[in-house]
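Everything below concerns the one structure shown next.
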Amino acid sequence: MPQQHSADQGRGPGLGPGSMAVEFVLMLAFWLAISGQYNVLFIAMGVVSAALVTWFTHRYVAANLGRHTPPSTIPLRWARSIAYVLWLLARIPPAGVLIAWVVLQPRLPVEPYVLRFTTHLESPVARTTLANSITLVPGTLTLDVDPDTREFTVHAFVPSAADDLVSGEMQNRIARLFLQDPAPPPEVVWEPAAEEVPRR
Amino acid sequence: MNGLDTPMAIVAIVLISAGLAFLVISVVGVLRLPDLYTRTHAVAKSETLGLILIFGGLFFVPGLTWDAAVRLVLVLGFSVLANPTAAHALVRAGRESGVEPWVSTDDVKPPPGGLT
């Protein structure tokens with residue numbers, strides 16, 4: 001709902017033809033950069049693809065363009081985004097090795113849990129970033145996000161894979177990215193309820 | 001001779017081989033793990049790492065042109081975004097159609113060789 005609200009107010013590029021044109025040009029530039037083929041056939045296919053993608057997605061893209069971003073904070077947000085991406089990339093190898101180690105053991109000591117917690121992240125883009133980060137890092141998958149209660153449901157391969165979520169570190173790093181204050185670690189509900197809370 | 005014995009090429013070969021190993025492990029995971037969710041972990045995650053390693057290796061391949069490098073970065077960026085999105089779509093669909101996650105208990109351990 002907040003997206004529609006802001007579009008109605010006409011803040012940012014909104015849903016107008018201007019934002020569609022911007023998205024179309026970006027998509028086409030991406031196509032041309034990737035394909036590297038500059039004959040009529042390939043460019044025509046690029047135009048059709050970019051138009052289709054723009055048509056399907058501009059509702060979502062436009063809703064999040066240029067909202068709540070005072071220009072003075074843009075360098076800071078870029079710096080923090082880059083720092084966050086580096087932090088996230090550094091999480092991938094150890095977690096990937098952990099999964100490989102579990103999969104290759106004859107005993108297959110996989111211990112999946114479903115955990116739920118509520119996040120304090122306010123903007124929908126921030127919550128999408130969290131959901132995608134959870135899924136990107138090996139060992140945790142976002143099962144569901146409730147847009148109203150902000151409750152995340154996450155599947156963990158082994159309990160320790162969810163450490164960054166239980167400690168709230170990942171949430172707080174994303175909060176920094178969106179210029180929000182950090183919050184204390186969330187209350188986490190584990191399923192199945194482990195008698196001994198999963199080893200940490 | 002063909003440039004395969006330079007230090008750069010050796011780095012490339014090591015990284016690409018490691019990436020391939022992770023892709024193979026993710027296949028092993030898909031075959032051995034007990035349910036949809038854990039299998040998605042294997043396929044989406046070891047694969048992310050495998051892709052990063054393979055692309056990292058490709059950067060060291062001798063004779064890499066500048067525009068090919070840009071394209072590698074774009075494709076890697078796209079895969080890194082698309083992979084979790086697809087994995088999420090998969091498990092969310094599973095959840096909404098009521099697939100119960102497999103649970104490990106002390107008396108029910110997966111048999112050696114995995115469940116089928």
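So you know, we letter chains A, B, ... as the sequences are listed, proteins then strands, and number each from 1. Excluded from the calculations below are hydrogen atoms, water molecules and symmetry mates; all remaining heavy atoms, backbone and side chain alike, are included.
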So, for A:Ala33 and B:Leu74, which heavy atoms are closest and what is the spacing to 0.1 Å?
CB-CD1, 3.8 Å

In this structure, would B:Val30 and B:Val24 fall into the same cluster of hydrophobic residues linked by side-chain contacts under 4.5 Å?
no

Closest non-hydrogen contact found for B:Pro84 with A:Thr135 is O-CG2, 3.3 Å

Closest non-hydrogen contact found for B:Arg92 with A:Asp144 is NH1-OD1, 2.8 Å

Using non-hydrogen atoms and a 4.5 Å limit, figure out which bit of B:Ile52 sits close to chain A: side chain, backbone, both or neither.
side chain

Tell me the closest heavy-atom pair linking B:Pro101 and A:Val114, and the distance in Å.
CG-CG2, 3.8 Å

Check whether any side-chain heavy atom of A:Phe157 sits under 4.5 Å from a side-chain heavy atom of B:Leu33, and report yes or no.
yes

Verify the cluster assignment for A:Val40 and A:Phe42: are they in a single hydrophobic cluster under the rule of side-chain heavy atoms below 4.5 Å apart?
no

State the CZ-CD1 distance between B:Phe78 and A:Ile34, to the nearest 0.5 angstrom.
9.0 Å

Nearest-0.5 Å distance, OG1 of residue B:Thr38 to NE2 of residue A:His155:
6.0 Å

Got a sec: does the CG of A:Asp181 have more than 12 other heavy atoms crowding it under 6.0 Å?
no

Indicate the atoms forming the closest heavy-atom contact of B:Trp102 with A:Pro112, along with that distance.
O-CG, 3.1 Å

Is B:His88 close to A:Leu141 at the side-chain level, that is, under 4.5 Å between some pair of heavy atoms?
no

Non-hydrogen atoms of chain B under 4.5 Å away: do they reach the side chain of A:Ser133, the backbone, both or neither?
neither

Check whether B:Val70 gets within reach of chain A through its side chain, its backbone, both or neither, counting any heavy atom under 4.5 Å.
neither

Transitively linked via ILVMFWY side-chain contacts under 4.5 Å: A:Val85 with A:Ile174?
yes

Top residue by heavy-atom pair count (under 4.5 Å) with chain B, among A:Asn132, A:Val97, A:Val102?
A:Asn132

With a 4.5 angstrom heavy-atom cut-off, could you sort out which part of A:Ala156 is near chain B: side chain, backbone, both or neither?
backbone

Between B:Tyr37 and chain A, with a heavy-atom cut-off of 4.5 Å, which part of the residue counts as in contact: side chain, backbone, both or neither?
both

Measure the spacing between CZ of B:Arg95 and OG1 of A:Thr142 and express it to the nearest 0.5 Å.
11.5 Å

Please check if atom CH2 in A:Trp87 has more than 12 non-hydrogen atoms from other residues, nucleotides or ligands closer than 6.0 Å.
yes

Pick from A:Ile134, A:Leu104, A:Leu89: which one has the most heavy-atom pairs with chain B under 4.5 Å?
A:Leu104

Does atom CZ (A:Arg176) have a neighbourhood of more than 12 heavy atoms from anything else shown, all under 6.0 Å?
no

Should B:Trp66 and B:Val61 be counted in the same cluster of Ile, Leu, Val, Met, Phe, Trp and Tyr side chains packed under 4.5 Å apart?
yes

Any chain of hydrophobic side-chain contacts (each under 4.5 Å) joining B:Phe60 to B:Leu64?
yes

